[in-house]
Amino acid sequence: KPLALPGAHVVVTGGSSGIGKCIAIECYKQGAFITLVARNEDKLLQAKKEIEMHSINDKQVVLCISVDVSQDYNQVENVIKQAQEKLGPVDMLVNCAGMAVSGKFEDLEVSTFERLMSINYLGSVYPSRAVITTMKERRVGRIVFVSSQAGQLGLFGFTAYSASKFAIRGLAEALQMEVKVKPYNVYITVAYPPDTDTPGFAEENRTKPLETRLISETTSVCKPEQVAKQIVKDAIQGNFNSSLGSDGYMLSALTCGMAPVTSITEGLQQVVTMGLFRTIALFYLGSFDSIVRRCMMQREKSENADKTA
Ligand SMILES: NC(=O)C1=CN([C@@H]2O[C@H](COP(=O)(O)OP(=O)(O)OC[C@H]3O[C@@H](n4cnc5c(N)ncnc54)[C@H](OP(=O)(O)O)[C@@H]3O)[C@@H](O)[C@H]2O)C=CC1
Ligand SMILES: CCCCCCCCCCCCCCCC(=O)[C@@H](N)CO
């Protein structure tokens, strides 16, 4: 039942940087052929070189495609066709292209809501839509969506980002029910990574509100290699949920809702731990509220000091 990566064609959107690049490396190390999809060509070529250093045989190929996954469906469909002509039908698609912008609701531009929804949500719909028919016909396939812990709970500063990451889950839950029926043999995975040390994370931190930073620090920053390993493992296995670390585990159990279970053990664990994790969550929520209150008082204080000065 697990997908065999040797010789498989894996497409990674956002594969030129951060988590996506590490996912590509992880698959390449296990013998896959890779298509990287992102916009900037220099970054793509740089990543290709880096990935190729991990080859395990001399047949392996890394193909680069420069396209914006969030703009035009026909364009996305065309580049996927090109990739399939060169490396064969897509066995696994990893939707990792995405970005985060944080700020208070009233401080975010309206265009930021549109942009994050385009990149994080529609940018996952288009490539998936372009590969699904062939996957169902061939009765082989994995589609991975990279959401976020911020796609499991809403938090201060992430009105635009959390919504776009929650949307991915709705898509994945619905799609999963369409494809999992045995004959199709297509499996959907949603990953919920914590803060991860990537170029995108460094960029996002330059404008992050203090509240968002302090609340996020509840979970520690992970290495992208570690996150990638877990995601690839869960995707190969066909697990619907992919999370990392003890807080990742707790969050996924707590927010399982009507998500499908992959094993009886997973279902039993959710049933047994739900009450306990909700209790723990209430304490976390209390601490988040007090962070927000403290920051507000701090701000008022410094504003008053400015006025008197
Ligand atoms: N780092 C973190 O803390 C976390 C990240 N995530 C999610 O993981 C994913 C990857 O994050 P991370 O590795 O940090 O990001 P990076 O910013 O390091 O990399 C983003 C990648 O996506 C590509 N990309 C961005 N926009 C588009 C687009 N419109 N079309 C095609 N490619 C695009 C970028 O290339 P280019 O700009 O050249 O197009 C780049 O390859 C994102 O979806 C993010 O939300 C989830 C949880 C935590
Ligand atoms: C039982 C309950 C356990 C509760 C644990 C709560 C932990 C909350 C922390 C939320 C962190 C959000 C990280 C977002 C990462 C991300 O996507 C950005 N870096 C954007 O890239």
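We count ligands from 1, going down the list as the structure has it; atoms in each ligand are counted the same way. Just so you know, these numbers come straight off a predicted model, no measurement behind them.
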**OP:** Identify which one of V10, V12, T13, V144 satisfies the side-chain contact (heavy atoms from CB on, under 4.5 Å) criterion when paired with L93.
**Re:** T13
Donor-acceptor contacts, no H, no angles, side chain residues 237-244, under 3.5 Å, sequence neighbours left out:
residue	atom	partner	partner atom	Å
N239	ND2	D234	OD1	2.7
N241	OD1	S252	OG	3.1
N241	ND2	S252	OG	3.3
S242	OG	D234	OD2	2.7

**OP:** Let me see the working for Q30 and E26 under side chain to side chain donor-acceptor pair (under 3.5 Å), right down to the final yes or no.
**Re:** CA-CA 7 Å; Q30 298 188 38; E26 186 61 32; 3.1 Å; yes
[X] neighbourhood, listing ligand 2 atoms whose heavy-atom distance to it stays under 4.0 Å:
{"X": "A100", "value": "20 (C), 21 (O)"}
{"X": "Y284", "value": "3 (C), 4 (C)"}
{"X": "F201", "value": "19 (N)"}
{"X": "F277", "value": "1 (C)"}

Original post:
List by chain and number: which residues place a heavy atom under 4.0 Å from ligand 1?
Top reply: G14, S16, S17, G18, I19, A38, R39, N40, K43, V67, D68, V69, S70, C96, A97, G98, I119, V146, S147, S148, Y161, K165, P193, P194, D195, T196, T198, P199, G200, F201
**OP:** Only heavy atoms count here, so choose which of L285, D197, T219 is nearest to atom 7 (C) of ligand 2.
**Re:** T219
Original post:
Which residue from Q149, R278, K165, M274 reaches closest to atom 11 (C) of ligand 2 through any of its heavy atoms?
Top reply: Q149
[atom1] of [X]: more than 12 outside heavy atoms within 6.0 angstrom?
{"X": "I264", "atom1": "CD1", "answer": "no"}
{"X": "Y184", "atom1": "OH", "answer": "no"}
{"X": "E52", "atom1": "CD", "answer": "yes"}

**OP:** Look only at the side chain of Q176 and the backbone of E173, and say whether a donor-acceptor pair between them is shorter than 3.5 Å.
**Re:** yes
**OP:** Could I get the full list of ring-ring contact (aromatic ring centres under 6.0 Å, His included) partners for Y284, not counting sequence neighbours?
**Re:** none
Subject >> Co-membership, hydrophobic cluster, residues V190 and V69, 4.5 Å side-chain >> reply: yes
**OP:** Say whether T196, considering both its backbone and side-chain N or O atoms, lies within less than 3.5 Å of an N or O atom on ligand 2.
**Re:** no
Original post:
Can the positive tip of K1 be found less than 6.0 Å from the middle of the six-membered ring of Y187, inside 45° of the ring normal?
Top reply: yes
Please report which non-hydrogen protein atom sits nearest to [atom], along with the residue it belongs to and the distance in Å to one decimal place.
{"atom": "atom 13 (C) of ligand 2", "result": "D195 OD1, 3.8 Å"}
{"atom": "atom 16 (C) of ligand 2", "result": "S148 OG, 3.4 Å"}
{"atom": "atom 6 (C) of ligand 2", "result": "F288 CZ, 4.2 Å"}

Original post:
Going through the distances and angles, do K208 and E203 end up as a salt bridge (charged side-chain N to carboxylate O under 4.0 Å, His left out)?
Top reply: CA-CA 9 Å; K208 205 175 246 177; E203 181 61 34; over 6 Å; no
**OP:** Please state which part of E204 comes within less than 4.0 Å of ligand 2, counting heavy atoms only: side chain, backbone, both or neither.
**Re:** side chain
Subject >> Within reach of ligand 2, part of L155 (heavy-atom separation under 4.0 Å) >> reply: side chain
All N/O donor-acceptor pairs, side-chain side in residues 124-136, below 3.5 Å, sequence neighbours left out:
residue	atom	partner	partner atom	Å
S124	OG	N120	O	3.0
S128	OG	N95	ND2	3.0
S128	OG	S124	O	2.6

